[in-house]
Amino acid sequence: MNAKNISVSYTFTDTVFKQLENELPPVFARKAVGELLGQAVCAGTLANLGDQGPPFIRIGRHAVYERASFLTWLRKRSDNHTDNSGFSN
């Protein structure tokens, strides 16, 4: 029986999103986004986006995101233009 070598190729973006899937809590507050994403996105920006931002619910005065829907929104907005080194062009 011959075994086939299966090669899986991941982009830098795929790697980043896989890490976020593993590290983000299942639910998190808008005010925590900056800290959770290394300041790549800030809470004020998300608040200003309104309906253009990720889906959220309110718990009291706090906007709260669910991990899967937040990452779906973020992936749609991400820039996939990277070279082989993983640094943006």
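- Here the NZ atom belonging to Lys18 is positioned 10.0 Å from the CG atom belonging to Asp14, to the nearest 0.5 angstrom.
- A distance of 10.5 Å separates OG in Ser78 from CH2 in Trp73, rounded to the nearest 0.5 Å.
- Using the six-membered ring where Trp is involved, Phe56 and Tyr65 have ring planes that are perpendicular, over 60° apart on the 30 and 60° scheme.
- Taking 4.5 Å as the limit, some side-chain heavy atom of Ile57 sits within range of a side-chain heavy atom of Ile59.
- The main-chain N or O of Val41 is never found under 3.5 Å from a side-chain atom of Thr45 such that the two would form a donor-acceptor pair.
- Taken to the nearest 0.5 Å, the NZ atom of Lys31 stands 15.5 Å off from the SG atom of Cys42.
- Between Arg58 and Arg61, the shortest heavy-atom distance links the atoms NH1-O, 3.2 Å.
- Atom CD of Glu21 sits in a crowded spot, with more than 12 heavy atoms from other residues, nucleotides or ligands closer than 6.0 Å.
- Under the 4.5 Å side-chain heavy-atom criterion for ILVMFWY residues, a single connected hydrophobic cluster contains both Val33 and Leu49.
- In this structure, the side chain of Gln39 engages the main chain of Gly34 through a donor-acceptor pair within 3.5 Å.
- Residues Leu71 and Phe17 come closest through the heavy atom pair O-CE2, 3.7 Å.
- Pairing each heavy atom of Arg67 with each of Leu20, the nearest pair is CD-O, 4.3 Å.
- Contact check for Leu74 versus Pro54: no side-chain heavy atoms found under the 4.5 Å cut-off.
- Proximity of Phe70 to Leu46: side-chain heavy atoms (C-beta onward) are separated by under 4.5 Å at one or more points.
- Proximity of Leu36 to Phe28: side-chain heavy atoms (C-beta onward) are separated by under 4.5 Å at one or more points.
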